[in-house]
Protein chains: 2
Amino acid sequence: MISVMIVDDDPFVSGSLKIILDNEPDIEVKAVANSGEEAVKLAPQVAPDVIVMDIRMEGMNGTDAAQKILENGSKAAVLFLTTFLDDEYINKALKIGAMGYIIKQDCGSLPSSVRAVASGQAVFGGKVVEKLPDLLNRKERFDPSEFDITPKELEVIELVADGLSNKEIAEKMFLGEGTVRNMVSSILTKLDLRDRTQLACFYYQKMV
Amino acid sequence: MISVMIVDDDPFVSGSLKIILDNEPDIEVKAVANSGEEAVKLAPQVAPDVIVMDIRMEGMNGTDAAQKILENGSKAAVLFLTTFLDDEYINKALKIGAMGYIIKQDCGSLPSSVRAVASGQAVFGGKVVEKLPDLLNRKERFDPSEFDITPKELEVIELVADGLSNKEIAEKMFLGEGTVRNMVSSILTKLDLRDRTQLACFYYQKMV
DNA sequence: TTCTTAAAATGACATTTGTCATCTCCTAAA
DNA sequence: TTTAGGAGATGACAAATGTCATTTTAAGAA
């Protein structure tokens with residue numbers, strides 16, 4: 001039997017998660033916390049095998065709470081939930097030793113993810129993995145807002161620096177090829193560069 | 001019902017895996033391949049949801065086989081098995097879009113891993129995750145003689161990776177523009193790349 | 001609702017790029 | 001000496017790229 005603690009500041013969400021997980025014969029929700037602080041307090045008493053935790057919460061956020069809990073000696077495997085792709089958190093989640101990072105939307109996969117995490121495997125939402133190499137390598141000594149580079153443009157930059165053609169980028173981002181061309185063009189203007197190769201060089205010299 | 005194909009060049013291992021997985025009510029082993037080549041051949045007919053594959057095999061290795069299979073349009077989620085921590089393979093596995101990378105030893109977690117992978121989550125053995133940040137940052141050293149890159153070609157590569165156009169490179173090296181074009185073309189062939197941007201990426205990822 | 005603005009797409013265009021066949025030198029080996 | 005081979009060059013060509021003007025679409029503000 002896998003014992004679970006759920007942490008989410010939205011009672012509706014935590015309630016739903018509890019129902020989903022309690023419905024599984026081999027999973028038991030032992031506690032529900034409505035904030036990071038409460039989770040830190042409950043963890044030692046409950047001693048769950050798995051902690052399912054929202055990463056973005058009012059007050060103490062998910063990663064900080066998890067860090068505290070693990071520092072306090074908990075053996076729990078932490079499985080983070082996120083509504084969308086929070087790039088910024090993945091790094092920290094990995095660093096503190098989280099065992100999972102999945103998208104809230106596909107709750108259908110939650111039980112199997114909990115089991116996998118309980119058995120010592122690490123689980124990531126599919127989309128997260130695709131970005132993993134980029135995310136871990138990025139060192140951010142470049143401030144995109146400085147040149148008002150939009151998030152979408154940043155994505156294009158990373159794909160160009162991965163060697164993709166405009167057509168490939170278009171497919172990956174669900175845009176028209178011409179659009180990508182325009183975006184690249186606009187990026188080049190903003191960064192005062194001439195072509196995509198210079199953009200790739202810029203990326204590796206200034207952004208990685 | 002999750003359909004699975006098992007790939008391992010050790011019949012004892014593949015047999016054991018089949019027994020373990022067939023024992024699960026919601027998992028069905030549809031095929032067992034004893035080599036990478038066989039897996040590539042079988043994949044289109046079997047069309048499994050998940051491919052459980054040994055990463056280190058005689059003949060075609062796991063990553064190459066998986067790459068081929070995915071290129072052929074298979075929608076399968078690939079779950080790699082490894083006897084211990086094969087650092088070298090993780091990078092490539094991630095790059096080709098593998099959905100799992102776990103340790104053979106803890107077969108107890110295999111069913112739950114298969115389920116998680118089938119539901120679109122990515123799964124990694126616990127120890128793998130700890131090493132992930134290091135692994136992704138490390139770059140394999142590049143040996144120019146390996147690809148018989150001439151010294152002059154090496155110079156061209158560096159200039160391309162500096163963002164220069166063919167014309168600029170030609171001026172700098174006192175060559176014709178066409179010659180530079182041919183040299184770049186030859187370099188691309190040798191390194192199995194498509195265009196100068198990919199060459200620049202290659203340079204920063206493998207050569208600097 | 002209408003108006004406004006930003007994002008996305010289109011089409012036309014010049015340029016760059018990558019590939020290939022071919023040609024000219026030049027040099028080293030026979 | 002002849003010859004084979006490499007480096008460099010040329011021309012032709014298709015494809016990809018970057019730029020620009022313009023249009024369509026979607027979403028918000030009025």
Side-chain angles (χ1 to χ4, degrees), chain A residues 83-85 87 105 127 131 142-207, chain B residues 71 142-207:
Chain A
T83 39
F84 54 99
L85 285 183
D87 288 7
Q105 271 73 24
K127 300 263 170 52
K131 290 195 162 189
F142 162 81
D143 181 12
S145 64
E146 184 76 29
F147 296 87
D148 47 59
I149 297 292
T150 69
K152 205 154 292 200
E153 284 174 336
L154 196 56
E155 200 181 339
V156 170
I157 294 177
E158 277 161 9
L159 293 175
V160 167
D162 235 24
L164 301 204
S165 70
N166 288 331
K167 188 193 287 208
E168 289 166 336
I169 295 174
E171 284 171 10
K172 199 160 272 224
M173 294 182 66
F174 305 105
L175 296 174
E177 182 186 345
T179 306
V180 175
R181 257 197 307 213
N182 290 338
M183 293 180 74
V184 170
S185 184
S186 137
I187 293 169
L188 294 178
T189 304
K190 287 178 183 172
L191 298 181
D192 194 29
L193 300 171
R194 181 164 20 100
D195 53 50
R196 68 198 300 103
T197 306
Q198 289 191 344
L199 178 54
C201 299
F202 178 88
Y203 175 83
Y204 286 107
Q205 286 171 359
K206 303 282 175 59
M207 296 175 68
Chain B
E71 279 173 5
F142 164 81
D143 180 10
S145 63
E146 183 76 29
F147 297 86
D148 47 62
I149 298 290
T150 70
K152 203 154 291 203
E153 284 174 335
L154 202 54
E155 197 181 342
V156 171
I157 293 178
E158 276 161 10
L159 293 175
V160 167
D162 240 18
L164 301 203
S165 70
N166 288 331
K167 188 192 287 203
E168 290 166 337
I169 295 174
E171 284 170 11
K172 196 159 279 219
M173 293 181 67
F174 305 105
L175 296 173
E177 182 187 344
T179 307
V180 175
R181 229 140 23 131
N182 290 337
M183 294 180 72
V184 170
S185 184
S186 138
I187 294 168
L188 294 178
T189 305
K190 286 177 185 174
L191 297 182
D192 193 29
L193 300 171
R194 184 165 17 103
D195 53 49
R196 68 200 299 104
T197 306
Q198 290 191 343
L199 178 54
C201 300
F202 179 89
Y203 175 83
Y204 286 106
Q205 286 171 358
K206 304 280 175 63
M207 296 176 65

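Here is the naming used below: chain letters follow the sequence lines, and residue numbers restart at 1 for every chain.
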Next item on the list: List the steps and the verdict of side chain to side chain contact (heavy atoms under 4.5 Å, CB included) for B/L164 and B/E158.
Entry: CA-CA 9 Å; B/L164 301 203; B/E158 276 161 10; over 6 Å; no

Margin query: With a 3.5 Å distance limit and no angle check, can you tell me whether A/R196 reaches the backbone of B/R196 through a side-chain donor-acceptor pair?
Written below: no

Notebook entry, point to check: Are any non-hydrogen side-chain atoms of B/M183 and B/I169 less than 4.5 angstrom apart?
Noted result: no

Check: What parts of residues 192-201 of chain B reach DNA chain D, counting only heavy atoms under 4.0 Å away?
Finding: none

Taking only nitrogen or oxygen atoms into account, show me every contact under 3.5 Å that the protein makes with nucleotides 25-29 of chain C, one pair per line with its distance.
none

Checklist line | Terminal contacting nucleotides, 5' and 3', DNA chain D versus chain A (heavy atom, 4.0 Å) | finding: D/dT17 to D/dC20

Next item on the list: First locate atom CD of B/E155, then atom OG1 of B/T150, and finally report the distance between them rounded to the nearest 0.5 Å.
Entry: 9.5 Å

Next item on the list: Answer yes or no: is there a donor N or O on one side and an acceptor on the other, between the side chain of A/Y204 and the main chain of A/A161, under 3.5 Å?
Entry: yes

Check: Under the side-chain hydrogen bond (donor to acceptor under 3.5 Å, both in side chains) rule, what pairs show up with a residue in residues 172-183 of chain B, not counting sequence neighbours?
Finding: none

Notebook entry, point to check: So which of residues 165-181 of chain A are in contact with DNA chain C, with a heavy-atom cut-off of under 4.0 Å?
Noted result: A/L175, A/G176, A/G178, A/T179

Side chains of residues 185-195 of chain A: which donor-acceptor partners sit under 3.5 Å, not counting sequence neighbours?
residue	atom	partner	partner atom	Å
A/S186	OG	A/E153	OE2	2.9
A/T189	OG1	A/S185	O	3.0
A/K190	NZ	A/D148	O	2.9
A/K190	NZ	A/E153	OE1	2.9
A/K190	NZ	A/E153	OE2	3.2
A/R194	NH2	B/E168	OE1	3.0
A/R194	NH2	B/E168	OE2	3.0
A/D195	OD1	A/T197	N	3.1
A/D195	OD1	A/Q198	N	3.0

Check: How long is the gap from CG on B/L159 to OH on B/Y203, to the nearest 0.5 Å?
Finding: 9.5 Å

Item checked: Between C1' of C/dA12 and CG of A/N182, the distance in whole Å -> 13 Å

Next item on the list: Measure across A/G163 and B/C201 and return the closest heavy-atom pair with its distance rounded to 0.1 Å.
Entry: N-SG, 3.7 Å

